[in-house]
Structure formats: structure tokens, C-alpha cells
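So the structure is just underneath, and the comments pick up after that.
First listed ligand is number 1; within each ligand, the first listed atom is number 1. These numbers come from a predicted model, not from an experiment.
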Amino acid sequence: MGDYGMSTGDANYIKNLNRRILVEHIIKEGALSRSELSRKTGLNKATVSAQVSSMIEDGIVTETKTGDMTTPGRKPILVEMDGDSGFSIGIDVDDKEVRVVFIDLRGKPIHTEVIQNGDKDIDKLVSEVKEYLTPLIERFESSHDPIGLTGICLGIHGIINSEDEIEFTPKQQWTHVNLKELLEKEIDAPIYIDNNANLSAYGEQVYFENIPDLFSITLYSGIGLGIINDHTIYRGFRGFAGEIGHMVIEPHGPACQCGNNGCWELYASERVLKEKLSSLGKGNDFEELLSDPAAKEIIDEYIEYLGYGLNNIINIFNPQRIVLNGALINQNPDFIKRIEGTLHSKINSYESIRISKLGEYACALGGAAFVLKNYLDVNTLDYVHYDFFNETKMFA
Ligand SMILES: [Zn+2]
């Protein structure tokens, strides 16, 4: 109001904006000298130097002298993210398994664990999570300072509304539970909560697909769709977007827990496929299964139904990339070709369908990355060029 000079607010805004631009470039390129940073961002050298110094002080970046050894003279000093200064946690809260991933400030996974039998009682679950995390957080805070824990993001297999509240989970039967608030009382760190399919899609984009739009379909006990639109998770009006498992495929089909009949996940989730195959007394060896006529019929029908739903998604969104993530599909890459064989429509347009590379860790990794994105206050995280998964051997 009537302030024609540059206020402290404006100066801070520009400072934060400059820092964001620099951090995004450092993450994308891995390591850059101050002069390269100036050239790539268009910021002048004095601004870059002042920002880098303040980011070193805050523990965001570090400087190394591991520049090009073949260049004669002084080795360039490179600026890179400081992996040892902080970390974040992503947790995939499924009913039978709770999957936990810690990543450092560079985005590298530093700890993974699967806890069996997450409690259905929400208060018990909160105290279990607290009991499990507290000693680990202490351990990693002693090796990652000065920043330490930047936050925790929980992936929930259900609907999270726009007030960050669990609206409903079919498996645990949680309704209107504020898990975020319950954990905030127990753990002193920013807590985020999101749908598992959203976080899985985010994980795929950050770690493997640096494209602005991406669709990830998780096919485990239900079917979830995570939509990344312009590098951002698309949530819809109240956070319910992507409940694609409840798209009606057969109007006179069996009743679903959601209140409709013939929902897609009653035909195309892996849980249903496994149930049908186990009724034949068959295992998971697909070569053996496909040689059995009864099993082959079940698998053919499953792929056909998977194709119906995909056809609809493709026609609504015209996606560039679709990532399919399920235990059976990840083990049987040939399924992709067979599924694509069901997409006959002349108006089906997409670039490619591929299998998830993060598999069952997609949600937890996406959650941990989501925390870092917020902590670093950047628009995009791009870890595509890092070889984390060969480096760590955690996901082999
Ligand atoms: Zn339904």
C-alpha cells in the first residue's frame, strides 16, 4: 500500500527466487562451478557467490574440488547438494506392510525397511511408527547435520481430502482420521500425507522420468491412478482425483465397497487375478500358467479388462507416458505388449506404456522426495541422471 520502494518482503522474495533457481540447477546437473551457475541461470556472479555462501552456511550445498583433472592449472571448485546435512522419510502405509525409505538431501536412499502388519487401530499405528522411527531419526540426525530431519510423508491407500484428512481407506476402514495431526503431536517435524498412487507417480517422475506429465497406475490390491500434470500432483476439486479403480466397466457386475457395481478393480486388480488363479491351485510361474488352458483363460480375461480401463484413461487424458506398477506385471514385462495389443481404437493416442522401475518402493520414495521438494522450496526435483539404484543395491 503506497510503498513504491523495494520492501524487505520484495527483497526476500527475490532472494528466495534466486535460491530456488540455483538449487534446481545444482540438482539437475549434479555439480557446477560458480561461474557455470552464473552462466546457466543468468544471475550475476556476485549474486551467485552470495547465495552459495549462504547455502553452504545453511547446509544445503557443499563445495568440492573434484573438478576436471585434465584441465591444466587450478581445478574448478564445484558446488553440489550436501547429502550429509539432512534427510527425509517416506512411508507407504498399507494394511499388511508398512514400507519405509530414508533419503538424504541429495535424494539418495540411505535406509529402507519393511515393517509387517501395520496396525489397523490408528492410535496403535501412530505409537508403533513413533517407537520405530525415534531411534532411527536420532541415529541419522547424528550423521546428517546441521539440517537433520526435513519431514515425513505418509502414503495412504485411500482418499485424502483437501484438508489433509483421511476421508476413507477401504482396507483399514479408516474414516475421517487426521493421521497428520496425530503424528505431529508425536514427532517434531513437518508431516505430509497423500494418496499412495499420487506419491508413486511423483516417485517415478523424480527418479526416472523427467517429463512434465506422467500417469502411474498401481495395480496391487486395488487400482490407483496418480497424475502428474505440469510437474505437479493433480488432485482434483477436493483431493479425490484418480479413483480410477472405481470406474464402472460392467454395469451389471458384482457390487463394490464404493456403492457401485462392476468397478474396474473388481476385474483388473492383481488381488482379483491372484484370487482367481489360486482357486485353480496354481502358483505364480506364468510360463507354467499359460500352458494350462483354464489359467490361460483367466489371464487373457484379466489382460482384456486391464485394456478396457486403459483405453478409457488414454482417451480422456491423451497421456505421454503411462507407468504400470504391480507385482505380477513387474515380473512379466511381456504383459505390456499383450495389454497394448488390446488397445485397438483409432483415437487411442499415447507415447508409451512401461513397467515401473521403482516397484513397491515407488510410494515411499515419492513421499520422501515430496518432503525434500517442499523443504528446498523448488518446483521440480530431477534425480534421473543419478545412478542411485545401482549405487545403493537397496532395490535390486
Ligand atoms: Zn467401486
Side-chain angles (χ1 to χ4, degrees), residues 92-97 118 120 122 154-163 165-177 179 193-201 215-227 233-279 298-317 319 322-329 335 339 342-343 353 356 360 362-363:
D92 180 354
V93 187
D94 207 350
D95 63 334
K96 298 225 166 60
E97 286 178 342
K120 283 197 169 74
I122 197 82
L154 301 131
I156 304 297
H157 295 237
I159 297 167
I160 309 300
N161 65 30
S162 43
E163 285 84 47
E165 194 187 45
I166 298 174
E167 184 90 17
F168 177 60
T169 63
K171 281 184 272 181
Q172 295 100 335
Q173 292 284 312
W174 294 332
T175 46
H176 294 282
V177 170
L179 181 56
I193 190 162
D194 211 324
N195 167 270
N196 71 306
N198 287 351
L199 294 178
S200 298
F215 289 68
S216 159
I217 299 173
T218 49
L219 301 160
Y220 291 94
S221 50
I223 303 182
L225 171 66
I227 302 168
I233 297 170
Y234 178 79
R235 293 190 168 82
F237 168 51
R238 281 197 62 217
F240 289 40
E243 284 305 317
I244 207 79
H246 300 283
M247 160 169 64
V248 176
I249 293 278
E250 292 283 4
H252 304 292
C256 176
Q257 304 185 62
C258 76
N260 267 333
N261 286 71
C263 292
W264 190 30
E265 68 180 38
L266 301 178
Y267 300 88
S269 65
E270 290 198 343
R271 181 177 59 87
V272 169
L273 176 62
K274 279 183 190 163
E275 276 169 14
K276 285 184 180 166
L277 289 172
S278 71
S279 72
I298 290 170
I299 293 169
D300 286 346
E301 191 188 69
Y302 173 78
I303 285 171
E304 201 182 324
Y305 274 108
L306 207 48
Y308 291 159
L310 275 174
N311 171 78
N312 295 350
I313 294 168
I314 289 166
N315 285 351
I316 296 168
F317 295 107
I322 299 177
V323 178
L324 294 180
N325 188 350
L328 291 169
I329 216 141
F335 272 26
I339 294 162
T342 68
L343 302 170
I353 300 177
S356 168
E360 290 178 295
C363 169

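- For the Zn ion (ligand 1), protein N/O/S neighbours under 2.8 Å (waters excluded) are His246 ND1, Cys256 SG, Cys258 SG, Cys263 SG.
- For residues 256-269, no pair satisfies side-chain hydrogen bond (donor to acceptor under 3.5 Å, both in side chains), with sequence neighbours left out.
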Open item on the list: Run Tyr234 and Asn198 through side-chain hydrogen bond (donor to acceptor under 3.5 Å, both in side chains) and show every step you take.
Closed with: CA-CA 8 Å; Tyr234 178 79; Asn198 287 351; over 6 Å; no
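- Within the structure, no pair that satisfies the ring pair (Phe, Tyr, Trp, His ring centres under 6.0 Å) test touches residues 235-259, not counting sequence neighbours.
- Applying the salt bridge (charged side-chain N to carboxylate O under 4.0 Å, His left out) rule to Asp194 yields the partners Arg235; only residues at least two apart in sequence or on another chain are considered.
- In this structure, the side chain of Thr169 engages the main chain of Trp174 through a donor-acceptor pair within 3.5 Å.
- Glu301 and Tyr305 share no donor-acceptor pair across their side chains, judged by distance under 3.5 Å alone.
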